[in-house]
2 protein chains.
Amino acid sequence: MTRPKQRPLTLRDVSEACGVSEMTVSRVLRNRGDVSIKTRNKVLEAAKTLGYVPNQIAGSLASQRVNLIAVIIPSLSNMVFPEVLTGINKTFEGTPLQPVVGVTDYLPEKEEQVLYEMLSWRPSGVIIAGLEHSDAARAMLQGAGIPVVEIMDADGNPVDAMAGISHRRAGRMMASAILKEGYSRIGFMGTKMPLDHRARKRFEGFTEGLTKAGIEIEARDFYSGGSALAKGREMTHEMLQRSPDLDFLYYSNDMIAAGGLLYLLDKGVDIPGQIGLAGFNGVELLQGLPRQLATMDACRTEIGAAAAQIILDRNALPEDADPGPPVRMTLTPKITFGDTLRRSRRG
Amino acid sequence: MTRPKQRPLTLRDVSEACGVSEMTVSRVLRNRGDVSIKTRNKVLEAAKTLGYVPNQIAGSLASQRVNLIAVIIPSLSNMVFPEVLTGINKTFEGTPLQPVVGVTDYLPEKEEQVLYEMLSWRPSGVIIAGLEHSDAARAMLQGAGIPVVEIMDADGNPVDAMAGISHRRAGRMMASAILKEGYSRIGFMGTKMPLDHRARKRFEGFTEGLTKAGIEIEARDFYSGGSALAKGREMTHEMLQRSPDLDFLYYSNDMIAAGGLLYLLDKGVDIPGQIGLAGFNGVELLQGLPRQLATMDACRTEIGAAAAQIILDRNALPEDADPGPPVRMTLTPKITFGDTLRRSRRG
DNA sequence: TTGAAAGCGCTAACAA
DNA sequence: TTGTTAGCGCTTTCAA
């Protein structure tokens with residue numbers, strides 16, 4: 001209660017309080033080595049009444065082991081990333097490993113800086129979003145000598161392990177699903193994020209899929225900032241002003257797609273007859289819209305869980321064991337047709 | 001490239017590579033003390049070509065300073081918390097301080113555990129959501145000897161500093177705004193979260209406000225799990241089945257309120273004439289709904305920023321300075337009337 | 001089952 | 001401006 005604030009307690013304080021050597025106190029608190037029940041209880045009680053909290057900084061330095069896993073993601077405002085974190089957290093629950101999150105705002109320089117700061121804590125692994133990194137960042141990842149899992153993307157060359165989906169393929173799949181249903185005058189709306197490589201790849205895969213069938217996108221529009229729902233309304237309005245003949249609108253995420261959906265329903269447009277719609281992500285948040293949006297599941301929690309598991313497995317290996325070739329896990333997203341994409345036959 | 005993976009580089013490696021003492025290398029890398037330009041450049045180059053990343057664990061142990069701030073929140077799935085984090089991040093940007101996030105899932109035991117783990121890294125401050133903590137948790141916060149800011153709530157007794165809003169008052173304010181507009185048959189829908197003290201206080205303040213005007217809530221319903229939007233639809237449907245005469249529905253968050261709104265618009269209900277609606281939070285995400293929802297701003301990013309600033313100020317104080325009485329900041333949420341709560345006159 | 005000594009990689013304090 | 005010395009609070013290793 002009135003313990004001097006300045007100096008936190010040390011092992012020595014506990015040792016003195018219970019008359020047991022620091023070493024034995026340490027053993028008790030870590031459940032390591034054989035300690036007699038009697039000593040054990042003495043130590044535990046002293047630690048508890050003093051309110052001792054071990055110093056991991058000293059512990060990690062001495063043991064050369066750090067139970068931290070660096071998790072590096074572009075953003076927290078896009079629900080996709082918190083969901084990945086949830087998957088990671090769940091898998092690490094009950095293990096000694098602890099995720100520590102860094103946010104890059106989609107900026108390569110910031111990614112580099114965050115990575116540097118995290119590596120300076122000598123974590124036992126890195127989980128990092130995306131496969132595109134600056135040379136310096138790749139060098140750091142290579143040189144750290146710890147397991148690295150690049151997540152959420154599968155189009156490119158990972159430094160080490162990988163767990164993600166192919167966004168290019170996701171775009172192509174959506175293109176072919178749309179074409180199969182007979183839509184042909186297609187517009188695209190997405191974020192203006194030159195640094196969101198996954199959104200870009202999805203778009204590329206989508207146009208590629210259309211092109212292969214001899215179809216070109218008729219309209220496209222990109223936005224940045226603002227509420228996605230409101231943007232979806234506005235942009236859909238504007239796009240249909242300019243190109244009233246469109247019969248399908250593909251959005252780069254479910255939130256703007258929802259905005260578009262609400263707008264079109266307001267206008268009394270027949271969906272999916274007159275115009276079909278699709279988004280991307282399968283955001284649970286949005287179930288409960290007047291129509292269920294066609295979308296694709298990006299396997300977010302699975303990816304988080306898989307990445308965490310890869311790290312766990314690698315850390316379970318004995319120090320000098322050969323880890324074998326790095327795990328490369330490509331998950332396959334599935335299309336949800338919902339009520340906004342015609343479905344002539346069961347797919 | 002082919003450096004043996006096992007041993008990370010140390011200051012000594014850099015020192016040997018450039019023929020400068022470890023101490024001077026350390027000085028250069030921390031920009032501390034006077035070092036000649038020539039030596040400086042030599043060191044910097046050596047560090048860069050080797051790819052040296054300093055070891056903060058050793059550094060923090062030696063200097064007895066840790067640039068980490070523990071941030072403890074109940075959840076990441078509720079957008080409220082990522083928004084608070086954004087405010088915290090922004091304020092710490094450009095300072096040496098780094099937030100580290102822990103998630104409690106609204107469970108007191110988990111809060112205790114997360115707090116213990118974070119304190120074992122000897123952070124320079126704690127930002128923690130809520131004012132309700134177990135005795136053990138309060139004891140740890142007290143004993144840590146570092147600045148503690150409890151955030152998001154102002155109804156209760158903080159251990160140290162505080163930055164939040166009074167949820168009880170927020171509930172009362174909404175009650176009086178609703179009554180002023182002549183609504184009188186009122187239903188409430190919210191999450192079934194006995195451990196979400198802020199939601200509970202809002203509800204208590206709300207009923208208290210009604211009671212003072214001689215009005216009782218006519219219907220109430222609580223849910224747990226599932227998509228909030230979908231729940232809002234369902235629950236609104238069911239509540240109006242049971243109590244068709246309600247003229248106002250107050251929801252504990254904007255997401256279920258949005259579900260209710262969409263449902264009522266589907267049914268062709270006149271809003272806000274026949275039934276008024278209000279939620280809580282001012283989630284920017286939802287701008288773009290067919291009607292703008294009445295809600296209250298919970299000042300999330302401001303709270304995050306304020307908390308971070310309190311920590312910064314406290315850390316800027318000289319070691320032995322008297323910090324004075326702890327900062328207690330109570331922000332005042334404002335009602336947004338939107339289109340779902342009648343407004344007879346400008347407020 | 002317990003303890004003593006050495007040292008993890010760095011920085012504070014002081015000396016040159 | 002640079003270098004030397006002595007720890008920071010733990011854990012590893014080895015001895016008792």
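Throughout, a chain's letter reflects where its sequence line sits, starting with A, and its residues are numbered from 1. Computed from a prediction, not measured in an experiment: that's the story for all the values here. All values below were derived from every heavy atom in this structure, side-chain atoms included, with hydrogens, water molecules and symmetry-related copies excluded.
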Does a side-chain heavy-atom distance below 4.5 Å link A/N315 with A/S124?
-> yes
Check the distance between D/dT2's P and B/D34's CG and give it to me in whole angstrom.
-> 9 Å
Side chain B/D105, main chain B/L107, donor-acceptor under 3.5 Å | no
Is the shortest side-chain N to carboxylate O distance from A/D13 to A/R7 below 4.0 Å?
-> yes
B/D153 CG to B/R198 CZ distance, which is reported to the nearest 0.5 Å | 6.0 Å
For B/T24 and D/dG3, is the shortest distance between a side-chain N/O and OP1 or OP2 below 4.0 Å?
-> yes
Between B/E150 and B/A163, is there a donor-acceptor pair closer than 3.5 Å when you use the side chain of the first and the backbone of the second?
-> no
Which residues satisfy the side-chain contact (heavy atoms from CB on, under 4.5 Å) test with B/S77, sequence neighbours excluded?
-> B/S75
Salt bridge between A/R314 and A/D160, side-chain N to carboxylate O under 4.0 Å?
-> yes
Counterpart residues, side-chain hydrogen bond (donor to acceptor under 3.5 Å, both in side chains), relative to A/E112 (two or more places apart) = A/S134
Whether each nucleotide of nucleotides 9-16 of chain D has a protein heavy atom under 4.0 Å at its base (B), only at its sugar-phosphate (S) or at neither (-) is summarised, 5' to 3', as BBSB----
Students should find that the end-to-end axis angle of the helix from C/dT1-D/dA16 to C/dA16-D/dT1, with five pairs defining each axis and rounding to 10 degrees, is 30°
Please list, chain by chain and in numerical order, all residues satisfying side-chain hydrogen bond (donor to acceptor under 3.5 Å, both in side chains) with B/E93, sequence neighbours excluded.
-> A/K110
Any donor-acceptor pair under 3.5 Å from A/S120 side chain to B/Q56 backbone = no
On DNA chain C, reading 5' to 3', which nucleotide is the first and which the last to sit with an atom under 4.0 Å from a heavy atom of chain A, could you check?
-> C/dT1 to C/dG9
